[in-house]
Colleague: 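Submitted below is the structure of interest, expressed as structure tokens.
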Number of protein chains: 2
Amino acid sequence: MPSDHPLDDTPARAGNQRAADAIVTAIEQDIVSGLLENGSPLPPERDLMGRFGISRTVVREAIATLTTRGLLESKPRHRPIVRRPGYDAAFSAVGGVVSHLLRQDGGVKTLYDVRIFLEASLVRHAALHARKEDIAALRTALEQNRAAIDDPVLFDNTDVAFHAIFYRILGNPVLPAVHRAFVTWLFEHWQSMNRSAEQNLIYYAGHKAIFDAIIDRDPDAAEQALLVHLGEAWETVRGTF
Amino acid sequence: MPSDHPLDDTPARAGNQRAADAIVTAIEQDIVSGLLENGSPLPPERDLMGRFGISRTVVREAIATLTTRGLLESKPRHRPIVRRPGYDAAFSAVGGVVSHLLRQDGGVKTLYDVRIFLEASLVRHAALHARKEDIAALRTALEQNRAAIDDPVLFDNTDVAFHAIFYRILGNPVLPAVHRAFVTWLFEHWQSMNRSAEQNLIYYAGHKAIFDAIIDRDPDAAEQALLVHLGEAWETVRGTF
DNA sequence: ATCCACGTTTGGTCAGACCAAATCTTTATG
DNA sequence: CATAAAGATTTGGTCTGACCAAACGTGGAT
């Protein structure tokens with residue numbers, strides 16, 4: 001029964017320019033309307049081509065388009081998965097371009113500088129406006145970070161988790177996505193940094209300095225501590241690429 | 001003469017998984033290496049399929065991929081144009097997802113809040129670190145903004161130009177691209193705001209207040225002035241969508 | 001020199017086919 | 001009876017060949 005779909009039996013033939021656009025918007029609608037559930041796989045290509053009365057060529061093109069728009073997440077040999085896009089999707093959609101830009105000249109440093117600037121503003125904001133539950137979260141994360149000094153992998157995770165809190169305090173959903181993007185893109189180029197426990201100790205001290213400045217409600221000290229911390233981190237890894 | 005290309009006569013057949021990737025990277029190389037000049041059109045599809053020994057299907061898929069990566073800029077019925085991607089390309093690549101996100105719930109406000117936060121940090125930075133040429137640029141832009149109070153279109157342009165300077169002071173190429181993205185995305189939803197001259201006067205006053213605080217080297221005042229200014233702007237347009 | 005009709009190039013789409021990886025089914029095994 | 005191995009089916013990736021309409025280039029008419 002092909003006629004349970006709102007845009008069924010749409011000819012889209014002979015005369016229409018860009019037939020792909022039609023089915024793109026159709027599937028788009030089905031996704032945002034929830035008719036296609038988030039996380040579920042898209043129907044097979046041959047199915048769709050029957051449903052819309054178009055060739056597989058166009059179906060594939062539409063899938064590609066929707067993938068770049070972040071509404072589908074398609075791995076090479078698998079069915080595309082429906083994704084109601086969040087702010088993360090926006091950043092993952094640019095992955096391709098960014099990886100290019102990072103490969104050029106001082107690309108990584110450029111991005112890292114943006115992170116430094118933004119995160120400095122965030123810790124300043126935290127020092128001024130962090131609520132007690134934010135501070136509690138920071139304290140917990142800091143403690144977990146300290147406990148992981150001897151475990152390289154776990155230390156990295158707790159490190160990221162600590163920084164992530166600053167991006168959450170604002171309450172704006174874009175910023176956590178920005179942070180995840182930073183982590184993804186920068187870690188890509190920081191591979192195998194095999195830091196020692198002493199190195200981790202320095203990092204932890206950096207985290208603690210930031211935290212202390214925040215509970216002191218001293219935005220300048222917090223910002224300064226973060227700049228020092230991220231500066232140290234940069235010096236540590238600058239040679240690895 | 002098909003053999004002047006480094007990746008010519010690559011079979012890419014029978015056994016190779018994902019033939020498209022090969023030619024994607026090949027064309028990618030040609031673009032970054034300058035063999036394909038920026039701004040020039042890509043060779044015709046049938047040409048490429050001959051060059052690489054692949055079907056047009058794969059050629060088209062590769063073109064689609066490169067387009068999403070920002071290396072090609074393809075309009076519907078025209079030849080794709082080679083683009084050495086800059087940071088702007090990254091943001092224009094997400095246009096699709098973002099327009100989606102902006103349509104949802106408080107999407108525009110969410111993005112606007114990010115802009116407010118970032119720009120507040122930027123004016124603070126400007127108050128602390130702006131060099132004299134930066135201040136000169138601000139002064140010029142402010143003057144042009146004042147002169148355009150009675151011209152709605154020109155006022156908008158000078159308005160944007162004034163704010164743009166703050167994104168440039170850092171010297172990081174990402175931030176101007178961020179600004180252009182903000183302008184593109186937010187203006188898309190601020191259409192036809194037909195402001196009056198009095199309204200423009202208020203805006204100009206906001207700009208001047210920021211500028212004055214910066215030449216006073218007072219970061220807190222500058223930040224506050226910007227928050228007030230952007231807050232006013234928001235109140236003006238909040239009903240228009 | 002300018003402009004319009006013409007033929008050619010080229011992107012967009014369709015149809016049918018094949019292969020190999022994924023997935024589902026069935027059967028053999030502990 | 002659960003589980004793992006073997007087989008059948010689905011499905012994405014690619015190829016070939018074809019057609020149409022828009023874009024482009026060419027040359028003649030004004």
Side-chain angles (χ1 to χ4, degrees), chain A residues 2 7-27 31 36-37 39-69 71-83 96, chain B residues 2 7-28 31 36-37 39-69 71-83:
Chain A
L7 285 190
D8 261 348
D9 51 73
T10 300
R13 278 185 152 76
N16 271 346
Q17 44 183 3
R18 261 163 297 154
D21 287 2
I23 112 168
V24 164
T25 56
I27 299 182
I31 293 180
L36 290 173
E37 271 181 56
S40 63
L42 199 69
E45 298 179 354
R46 286 164 176 87
D47 197 341
L48 292 174
M49 85 185 247
R51 251 216 264 273
F52 292 99
I54 56 180
S55 76
R56 203 143 81 90
T57 311
V58 182
V59 171
R60 305 196 96 253
E61 187 136 342
I63 289 177
T65 301
L66 289 168
T67 301
T68 75
R69 296 208 187 160
L71 293 177
L72 294 178
E73 182 183 328
S74 52
K75 290 179 294 185
R77 276 275 176 184
H78 295 268
R79 307 262 286 278
I81 298 179
V82 174
R83 285 274 174 250
Chain B
L7 283 190
D8 263 349
D9 53 70
T10 300
R13 277 186 155 74
N16 271 347
Q17 46 184 5
R18 260 163 298 151
D21 288 2
I23 110 167
V24 164
T25 57
I27 299 183
E28 207 169 325
I31 292 180
L36 289 174
E37 273 181 54
S40 64
L42 199 69
E45 298 179 354
R46 285 167 177 85
D47 197 343
L48 291 174
M49 84 185 248
R51 251 214 265 274
F52 293 99
I54 57 180
S55 76
R56 201 144 81 88
T57 311
V58 182
V59 171
R60 305 197 95 251
E61 187 136 341
I63 289 177
T65 301
L66 289 169
T67 301
T68 75
R69 295 206 187 163
L71 294 177
L72 294 178
E73 182 183 327
S74 52
K75 290 179 295 183
R77 277 272 175 186
H78 295 268
R79 307 261 286 275
I81 297 179
V82 174
R83 285 273 176 250

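Quick note on labels: first sequence line is chain A, next is B, and so on, each numbered from 1.
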Colleague: In whole angstrom, what separates Met49(B)'s CE from dG13(D)'s P?
Modeller: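 The answer, rounded to whole Å, is 20 Å.
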Colleague: If I take atom OG1 from residue Thr25(B) and atom CG from residue Leu66(B), how far apart are they, to the nearest 0.5 angstrom?
Modeller: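 If we round to the nearest 0.5 Å, Thr25(B):OG1 and Leu66(B):CG are 9.0 Å apart.
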Colleague: Could you tell me the separation between the CZ atom of Phe52(A) and the P atom of dT13(C), rounded to a whole number of Å?
Modeller: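 The distance from CZ of Phe52(A) to P of dT13(C) comes to 15 Å, rounded to the nearest Å.
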Colleague: By nearest heavy atom, map Pro44(B) and Ser55(A) onto DNA chain C; which one lands nearer the 5' end?
Modeller: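 That would be Pro44(B).
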Colleague: What nucleotide among dA23(D), dA22(C), dG12(D) has an atom nearest to a side-chain atom of Arg60(A)?
Modeller: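 For Arg60(A), the side-chain atoms sit closest to dG12(D).
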Colleague: Could you spell out the base pairing of DNA chain D in dot-bracket, with Watson-Crick or G-U pairs whose two distances are under 3.5 Å, [ ] crossing and | to another strand?
Modeller: ||||||||||||||||||||||||||||||
Colleague: Ignoring backbone atoms, establish whether Arg79(A) has a side-chain N or O less than 4.0 Å from OP1 or OP2 of dG12(D).
Modeller: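 Arg79(A) to dG12(D) OP1/OP2: side-chain N or O found under 4.0 Å.
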Colleague: From dT16(D), dG12(C), dT13(C), pick the nucleotide closest to the side chain of Ala20(A)?
Modeller: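 Nucleotide nearest to Ala20(A)'s side chain: dT13(C).
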Colleague: In terms of side-chain heavy atoms of Thr57(B), which of dT14(D), dG12(D), dA22(C) is nearest?
Modeller: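 Per side-chain heavy atoms of Thr57(B), the pick is dT14(D).
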Colleague: Roughly how far, to the nearest 0.5 Å, is CG of Asp21(B) from OG1 of Thr65(B)?
Modeller: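 Here the rounded value is 7.5 Å.
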Colleague: Of all the heavy-atom pairs spanning Ser74(A) and Thr67(A), show the shortest one and how long it is.
Modeller: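 Reported closest heavy-atom pair: OG-OG1, 3.2 Å.
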Colleague: What is the distance, rounded to the nearest whole Å, between atom CD1 of Ile81(A) and atom P of dT23(C)?
Modeller: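 For the pair Ile81(A) CD1 and dT23(C) P, the rounded distance is 10 Å.
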Colleague: Grab the two heavy atoms, one from Ile63(A) and one from Pro80(A), that are nearest each other, plus how far apart they are.
Modeller: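 Looks like CG2-CG, 3.9 Å.
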Colleague: Taking atom P of dA22(D) as reference, at what distance in whole Å does atom NZ of Lys75(B) sit?
Modeller: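 Whole-Å distance recorded here is 17 Å.
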Colleague: Could you give the distance from CG (Leu72(A)) to CD1 (Ile31(A)), rounded to the nearest 0.5 Å?
Modeller: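 Rounded to the nearest 0.5 Å, the CG-CD1 separation comes to 4.5 Å.
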Colleague: Looking at Ile81(A) and Gly39(A), what are the two nearest heavy atoms and their distance?
Modeller: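 Taking Ile81(A) first and Gly39(A) second, the nearest heavy atoms are CG2-O, 3.3 Å.
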Colleague: May I have the distance from Arg51(B) (atom CZ) to dT10(C) (atom P), rounded to whole angstrom?
Modeller: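 Rounded to the whole Å, the gap is 12 Å.
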Colleague: Arg56(A) near the nucleic acid: base, sugar-phosphate alone, or nothing, with a heavy-atom cut-off under 4.0 Å?
Modeller: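 If one applies the 4.0 Å heavy-atom cut-off, Arg56(A) turns out to touch a base.
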Colleague: Rounded to the nearest angstrom, tell me the gap between atom CD in Glu61(B) and atom P in dG12(D).
Modeller: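 Atom CD in Glu61(B) sits about 13 Å away from atom P in dG12(D).
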Colleague: Whole angstroms only, please: what is the NE2-P distance between His78(A) and dA22(C)?
Modeller: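 The distance from NE2 of His78(A) to P of dA22(C) comes to 5 Å, rounded to the nearest Å.
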Colleague: Nearest to the side chain of Arg77(B) - dC15(D), dG12(C), dG12(D)?
Modeller: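 Of all the options, the side chain of Arg77(B) is nearest to dG12(C).
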Colleague: Could you tell me the separation between the CZ atom of Arg46(A) and the P atom of dG16(C), rounded to a whole number of Å?
Modeller: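 The answer, rounded to whole Å, is 13 Å.
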Colleague: Taking all non-hydrogen atoms of both residues into account, name the closest pair between Arg46(A) and Met49(A) and its distance.
Modeller: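 Scanning both residues completely, I find the closest heavy atoms to be O-CG, 3.3 Å.
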